[in-house]
Each structure stands twice: as C-alpha cells, then as structure tokens.
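Reading through the structure tokens given below for one structure.
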Amino acid sequence: MMKGYTGKIVEVDLSSRSVSITELDEDTARKFIGGSGLGAKLLFDRNTLAKEPLSADNIIVFAVGPLTGTRLFNTDRFDVVTKSPLTGIFAESSAGGYWAGKFKKCGYDALVISGAASSPVYLSISEKGVEIKDARPLWGLDTFAATDALLAAEGPQARAAVIGPAGENLVKLAGIISDGRHGRVAGRCGVGAVMGSKRLKGIVVNGARPVEVADKETIRSINRRMSEIIRDNMQGMKDGGTGVGLEASEELGNLPVRNWYQGSWPEGARRITGLTMAKNHLVKTYSCGNCAIRCGRVVRAGDGPYAGQEIAGPEYETLGLLGSNLLVDDLTAIIHSNELCNRYGLDTISVGGVIGFAMEAYERGLLDSAATGGMKLAWGDQGCISQLIEDIAVKRNLGALLGEGVRRAAERLGPPAQEFAAEVKGLEPPAHDGRAKLTAAIGMATSNRGACHLSGFAHDFEEGAVLEDLGTPPLTDRFTKTGKAENVFYMQNLMGMMDSLLVCKFALFGGLTVDPLIAAINATTGWSMDRDEFFTTGERIFAIKRLYNNRLGVSRGDDTLPARMMRHRRGGGTNQLPPLFDMLDEYYSLRDWDELGRMRVERLASLGVEEYAGNGAGNV
Amino acid sequence: MAQVTFNGFVVYSLGGMKEAEVTGESLGEILEELERRFPILEGKLLTEGEMGKRFIVTIDGRNARLVGDLLSPVQADSKVRIINMLTGG
C-alpha cells in the first residue's frame, strides 16, 4: 500500500445518487502528487472540456495531498478544481482550516462530484463511507447558520465546507466556506456556484483514521525544526495578520486604489492596515490545522449590524479590494463587508473588483440611476457597498449584472468600459499590481485560472522576502525585466508543487525551502524524489492546466493584463508600465510554447504526459 | 546593546550576514546604528523619523510597531529581528 496516500478517490454522482471508488495508483500519484495536480488530471480525463460549467455534466473535485493528515506543519489545506462558470476555463481555489485532514482521515485522497441532485443535499463523509443526505431545511441559510446546523447533525468533531445563498443562486462570484465563522474560503473562480448548480449545500467530513507514512521519525524531526523556524520568522504576521504589509504595498504602488486608477493613498492605507486592526479591533488570532503562524483574525466589530460581535477579520486581499480599491478607509466598514461576503459565500476579491468597476462606470455615466435602481454609487460610501454585496448575492437589481463578473459587465456596458475593466481571462485581480512588480505582471498574465498572484507567488520574493536556499534566480530591481520570466517560471513550478502537496505558502515566507520539503515528501511516501523530479513534476502540473486551457482556445491574446495596467501610469510608488510582451517571449521560450502560447508536443513528451498530445497541444 | 538577526532582503543586502551585535538603548538607536554601519540600509529601516514600512521589526517576538515605538527600550538580552515586510496572500 502507498504511504502518504489512501489510494482511493471517492466518486459521487448526484444525479443517480451513487457512490463508487476509483483507485489512485502510485504512478499517477507520483506524476500528479495530489491537490491541484490530481484535480487538473481528473478534470481533463473526465471530459469536461465541452461541458457547461453550471450543468450537471461538469465535475467538481476536492483533493488533498500526501502530506495531509500527517500533522506536518502548515499542511491542513484542500484544493477545489472544476471548470469555472466565471471564466469558462480551468478553475481552482484552495482553503485551509481543518477540513482537509478530517477528509483524508476518512480514507480518501480526492472526492469527485458529478451530476446534480433533484433537490438540495449534503454529503456526510466518514470512515464508513459517503452518505447523501437531505439539505432542504438548510437551503437559504447563510454559511455560518448552515455550518452550525450541519455540525449539530453530524457531531462537533466534524468539519463542514458549505456554500451560502450566493452559491445557491449560481452567482459566478460564489465561493466555498470551510469551518464556519472563523474559517477559510475557497473563494475564487465561482467554485461555489458549481456546488450550487449541483444543489450541493455542503460536505461534512469526520475521519480519524491515521495516515500511514514511511518514516515517522524523520517527519517528526523535520516538523520540529521547521515549525520553530517558521514560528520565529512569522511573528510579524501573527501580530499584524496578512494586512501587516498594507502600508508597504501602498508605498510601492502595489495596492489597488480607486479601481486601480489612483497612485497614492497613504493616509487611507494607514487607517486600514493589519496593525491598525490589531490595535483597535483584534480579539484573538486563529490558525489552520498544524500551523504555527496564526494569521487568522477574530475582531470585534464596531458600530453597525454586528456591533459588539466577535467576527472574522479581513485579510490583506479584502482590505485592498473592499477597502482601498473603493476608497473605504474605515476598518469597521471593511469588517462589515467581509462579514457579509463570508455569510453569503462570496469571493471578496471579485466582489471588491466588480464594485470598483461599477463605481467608475457610474462616475463616467455608463451606469445611470435607472440601472442602479436609483442608488448613487459613490467612492467610499459603505451604505451603497453593503447594498451591492447583498444585491450581488441574491441577483437583485444591478447586483444581477455585477454577479456575472467584470468581464461580462463590461461587455454589457460597451467598449468604453473596457478601458477600466480589471480582469485577466475573466478573473478579477487580487490586490497586487502588475505595474508595481514585473513578476506580478507575468505571473498574473500567465496564471492558468486568470488574474492570480498565488500560482506564481513571486511578488513578495521579488522584494526579497526569502532568498537563500529557495533557489530562485538572482533578484533584480522590481522594474527591471531581466530575469523576471525565469523567476516566474521557477516560482510557478514550485507553486504547482505547493498546491498539489497542499502546503501553505506562508511557510515559504517563514523559511521553508525546497530541500526540507522534498525530505518531507520522501519521508512520507518512501520515494526518493530529488530536485529534478520535484521541479519537473511542478512543470508537468502547470503544463496540463495550460493544455486544458489551450483546448478551450486560450492563447497568447489572453496572456495579458487589464488595459488599465497596460496603459495607465498610476503614479505614486509606481509610474511604470509593464513591458509584458517582451517578457512573454522569454517566458514562452522557457515553457517551450509556440508563438501562440500553445504547448509543444515534444515538451509534453519530456514531461511524461505525451498521451495528452492530441488534446489541444500545438503540433509544431 | 542587542542581538539583531535578519532574514530575506536584509541578508541579501548585507552579503549573507544573518546577525549582528548592535549598540543602542532604544529601538530607534538600534535602527540608526544599523543604517550607519550598513549604508545600503540607509533610508530603509527609518523613513522620515518613523520605522520604514518595508520591514517588520520584532522585539522579543512582538511586532515593534504594535507594542512600542522608536523610543522603546531595548535590553542587553533583547532579541531584535528585522524581516522583510509581507504583502498578503
């Protein structure tokens, strides 16, 4: 039996209400690892290319990795993979919390859900198997009430991943909330809407079966050493949360301000940093499973509907997209927006992005009072922001259009809207500006799920967050294009492994490097993986996702940034425009793509996935 | 006097140096001394009389901007750490 893996993929067809098991063989496990890689392979193999994302024919995969459940540091994460209703291409979104370990300990490496139930259901997964249960009483509940109800039914030791009203309403910005009110979110790409299209309210897991590993002592030793190093290095993030660097981000011209238009906002930024939150609102921190960092925030809300309550505090991305991007400099207001999004089950990044788009459209006269239902959209007006969040969740008035995402909203408003529509491949950008750091430019333009900073995650490393032993190519100035393509190529391959192993990337900030990670893999699985295999595997995982997108027509024309980032000099800390096309040529060469951005057959063969060669690869 | 350790960009900037003993009785004096001793850090640890935004400074494990300021006393056995600022995830 494989070590680190259960060897089982559980398949649930909600149309026929059947449950079956597929074997995960070791060759597949070693080639695709788990999480992101395994999910991508399953998405490709199950012939989802021609399927409508919100139809019963689409699948949604929840996958974990070999390190999940081993109690190794920062490994309690799961990845959700599907075809996105927002972008129409490859989608993935991961989340931490405690769900992943409980799922793995039920005895599965992945869950594949197909079909659609005739009425709302939830899945109850334990060591005994999978039960499909009635969720009609839960339909319509917000994510916190739904989580509470599910745990009341299934036991307090269980963990739940649920959708809220936004997912039920098939809003394309809907996400999946794990672990309730102080939990985590698989927010991006509309994955919550895919669950909603299957009438699947939630997935409850409650396993305790130990994960078999090859070398327990080595794992313990690595865990002890790395946990201490990470804890020591990440004190600053524990105190200030992921928003600790918000002022630095503004100073660099990286933070989105006024729909990515404005360059500087120092006084506003100071009011909404993680440290300001820590001083004025923080009650306590919380962590995901096996995590020494504790970046999660529990805050006391200020005045308003949640006055006096202890609720989840916003992360950096939320502070950016629902704060600075909308010129909101009041933490109480951003906390409120965050709470609304969490309860409704919405992606705070995309919601903040589309509201910023709407505010600018209104300012420019492309949206009038008839379109807004009489509401005036004003920068910094929390009343209108709260109303828009609710309207998006229930598809009411302007919210019905905005919930389709920036790309579709801009298409509806006509060509002038393209100038300020911030999206890449249909996904709204996170709070990192491709004008501020060239690795962010290439990374976002080439990420397989659309505008994403995590699939490359080079931005903080470009500023030198961690260098020695990580093995990145030498640093150059953030505005210098030399070496940036190579840097992103390296980091994307590394992140492909991180997303497939399901190790939290903050561990890299904390001092995790490649060698102890490989040692952990080998100690868990009994393999003898080396650096070459590690990075080849990461490259393979990236390639298969790109191939999926190539098959859907994604090509060089899609590897770009929003017009605002390509043409508008925002001033402040960044008055540059990214030389993206120059860097793309070099990047394509490193990936061995043709001039249209398609995988070459020869490269697929060298990566050991030549069997996919007929599936959209450029035959050059 | 304090034992100061570095990571990330600071180590890179200092040619691989990971720690230094630095004289000073307050955090501000420690940071000034570091900028004096290592000119490449000038203007980065301190900006217009405040702690620079691009670095996290911790004193005995706590973020210095949260628990104190530049006048915060630094004991002989204090551990000061200077880490690259992180921007979100």
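Heavy atoms only: backbone and side chains are in, while hydrogens, waters and symmetry mates are out. All chains are named by letter (A, B, ...) in the order of the sequence lines, taking the proteins before the strands, and each is independently numbered beginning at 1.
For the pair A:Ser94/A:Arg184, no side-chain contact is recorded, criterion being any heavy-atom separation below 4.5 Å from C-beta on.
A salt bridge links B:Arg36 with B:Glu33; the closest basic N to acidic carboxylate O contact falls under 4.0 Å. Salt-bridge check for A:Lys505 with A:Asp499: passed, with a basic side-chain N closer than 4.0 Å to an acidic carboxylate O.
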Stepwise side-chain contact (heavy atoms from CB on, under 4.5 Å) test for A:Asp433 and A:Arg570: CA-CA 10 Å; A:Asp433 196 324; A:Arg570 61 180 285 183; 2.7 Å; yes
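For chain B, the nearby parts of A:Glu247 are the backbone and the side chain; heavy atoms of each come within less than 4.5 Å.
Ring centroids of A:Phe457 and A:Phe509 are separated by less than 6.0 Å, placing the two rings close together.
For residues 64-75 of chain B, a heavy-atom distance under 4.5 Å to chain A picks out B:Arg65, B:Leu66, given by residue number.
To the nearest 0.5 Å, atoms NZ (A:Lys238) and OG1 (A:Thr285) are separated by 5.0 Å.
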